[in-house]
*Asks:* 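If you scroll down you'll find the structure; I have some questions about it.
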Amino acid sequence: MHFFVNHSTQTISPGITPKNIVSLVPSLTELLSYLGLEDEVKGITKFCIYPPEWLLTKKIIGGTKNIHLEKIKQLSPNLIIANKEENVFSQIEDASYIAPVWVTDINNLQDAYSMILELGTYCNVLQKARQLVQEIQLQFTALQPINPSLKVAYFIWNKPFMVAASNTFIHEIMQLCGFKNAFENLNRYPEISAAQIITANPQLILLSSEPYPFKEKHVEIFQKLIPTAEIKLVNGEMFSWYG
């Protein structure tokens, strides 16, 4: 699901390339670059690390959850791109008085495909967006999931422990890899206790590099909880950057 929040006098018409785009989502900033919209993108967050040179050439308008409205206003954008979970809705509302805000809500791979095509439509690069979707679909078709499935817990936060459960993009990527989510009975990104981890008894524990930056020192903590589990540090971008 993707929707507009717009209290400004500006409108967005599909097929007319927005000239001043502000991206509040790192994954979508990378997508905008891939779609060839370097000249159109004027502002990004400090977490928009791809492509790296944009951190030097674009206006930094704050972080994903603490945007600076005045900096955005100075760019005179006619499209602001946000995400339902990565950004704060009250800030999205405030930004919508400056320019239309396109808000993405990505819970699975199909949502990501739809989002890429919608963005391609709004930015007049639909053919390139279609090619990208087709390439991704081919890659996933060729993917050979592990068999038999492994029972896996994917951690996104420490103190408190938080995992990726059902109805998340991460959950679907895990399934496509042949993993069985140890917390598929829960929803979204729940807090869990050490006792719940022990009860779930995952065979494999994945510690993501983001949003919490798990390091080697955290492996020992989980190994004490589940001595039989294999524990790996993983690149969160591979599991969660839907753009």
Side-chain angles (χ1 to χ4, degrees), residues 1-106 111-129 132-133 169 209-213 235-237 240-243:
M1 179 178 66
H2 323 296
F3 55 94
F4 272 102
V5 179
N6 186 18
H7 293 102
S8 75
T9 59
Q10 302 180 52
T11 59
I12 291 293
S13 299
I16 300 176
T17 310
K19 297 301 181 185
N20 296 332
I21 301 173
V22 172
S23 174
L24 309 180
V25 188
S27 175
L28 300 186
T29 299
E30 184 178 21
L31 175 60
L32 290 164
S33 171
Y34 182 89
L35 294 176
L37 296 165
E38 179 175 3
D39 292 340
E40 289 76 14
V41 176
K42 306 301 183 184
I44 60 176
T45 77
K46 64 182 180 181
F47 300 115
C48 295
I49 57 175
Y50 301 116
E53 60 269 20
W54 280 19
L55 287 172
L56 301 175
T57 60
K58 307 298 180 185
K59 181 79 169 180
I60 306 301
I61 51 77
T64 53
K65 299 189 185 300
N66 60 335
I67 63 176
H68 300 307
L69 292 173
E70 193 55 40
K71 290 182 178 180
I72 294 176
K73 194 172 183 179
Q74 291 170 4
L75 295 171
S76 300
N78 54 4
L79 176 62
I80 300 171
I81 298 174
N83 177 262
K84 183 179 177 182
E85 284 193 325
E86 291 192 55
N87 303 118
V88 178
F89 196 78
S90 61
Q91 295 179 10
I92 291 174
E93 281 272 0
D94 291 340
S96 72
Y97 287 93
I98 301 172
V101 183
W102 185 57
V103 184
T104 62
D105 183 16
I106 312 296
D111 286 347
Y113 293 149
S114 297
M115 176 274 296
I116 293 169
L117 294 174
E118 268 190 54
L119 185 61
T121 299
Y122 282 118
C123 294
N124 200 25
V125 284
L126 181 56
Q127 185 56 39
K128 193 158 188 176
L132 176 60
V133 168
F169 184 80
S209 60
E210 59 174 53
Y212 185 89
N235 184 348
E237 297 168 14
S240 64
W241 280 44
Y242 44 77

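If you're wondering where the values come from, they're calculated on a predicted model, not measured in any experiment. Heads up: numbering here begins at 1 and tracks the sequence.
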*Asks:* Which label fits Trp102 and His2: parallel for a plane angle under 30°, tilted from 30 to 60°, or perpendicular past 60°?
*Replies:* tilted
*Asks:* For Ile92 versus Asn83, what's the shortest heavy-atom pair and its separation?
*Replies:* CD1-O, 4.1 Å
*Asks:* Give a yes-or-no answer on whether the side chains of Thr64 and Asn87 include a donor-acceptor pair shorter than 3.5 Å.
*Replies:* no
*Asks:* Which atom pairs, donor and acceptor, lie under 3.5 Å between side-chain atoms of residues 68-79 and protein residues at least two apart or in another chain?
*Replies:*
| unit_1 | atom_1 | unit_2 | atom_2 | d |
| --- | --- | --- | --- | --- |
| Asn78 | OD1 | Lys19 | N | 3.3 |
| Asn78 | OD1 | Asn20 | N | 3.2 |

*Asks:* Any chance you could measure Leu119, atom CG, to Leu126, atom CG, to the nearest 0.5 Å?
*Replies:* 10.5 Å
*Asks:* Considering non-hydrogen atoms only, spot the tightest contact between Cys123 and Ile21 and give its length.
*Replies:* SG-CD1, 4.1 Å
*Asks:* I'd like to know if the side chain of Gln10 and the backbone of Pro100 have a donor-acceptor N/O pair within less than 3.5 Å.
*Replies:* no
*Asks:* Does Thr45 use its side chain to pair, donor to acceptor, with the backbone of Ile60 at less than 3.5 Å?
*Replies:* no
*Asks:* So Phe89 and Phe3, would you call those rings parallel, tilted or perpendicular, with 30° and 60° as cut-offs?
*Replies:* tilted
*Asks:* What distance do Ser114 atom OG and Ile106 atom CD1 have between them, rounded to the nearest 0.5 Å?
*Replies:* 8.0 Å
*Asks:* Test your reading of the model: is there a side-chain donor-acceptor pair from Ser209 to the backbone of Asn235, 3.5 Å cut-off?
*Replies:* no
*Asks:* Rounded to the nearest 0.5 Å, what's the gap from CG on Leu28 to OG1 on Thr104? Could you check?
*Replies:* 5.0 Å
*Asks:* Specify the closest pair of heavy atoms between Cys48 and Pro26, including all atoms of both residues, with the distance to one decimal.
*Replies:* SG-CA, 3.6 Å
*Asks:* Between Gly63 and Phe47, what is the shortest heavy-atom contact and its length?
*Replies:* CA-CE1, 3.9 Å
*Asks:* What donor-acceptor contacts under 3.5 angstrom involve side-chain atoms of residues 29-44, with partners at least two apart or in another chain?
*Replies:*
| unit_1 | atom_1 | unit_2 | atom_2 | d |
| --- | --- | --- | --- | --- |
| Thr29 | OG1 | Ser23 | OG | 2.7 |
| Thr29 | OG1 | Val25 | O | 3.1 |
| Tyr34 | OH | Glu135 | OE1 | 3.4 |
| Lys42 | NZ | Asp39 | O | 2.8 |

*Asks:* Looking only at non-hydrogen atoms, find the nearest pair between Glu210 and Gly236 and report the distance.
*Replies:* CG-CA, 4.0 Å
*Asks:* Which heavy atom of Gln91 sits nearest to which heavy atom of Ile67, and what is that distance?
*Replies:* OE1-N, 3.2 Å
*Asks:* On the 0 to 90° scale, with breaks at 30° and 60°, tag the Tyr97-His7 ring pair as parallel, tilted or perpendicular.
*Replies:* parallel
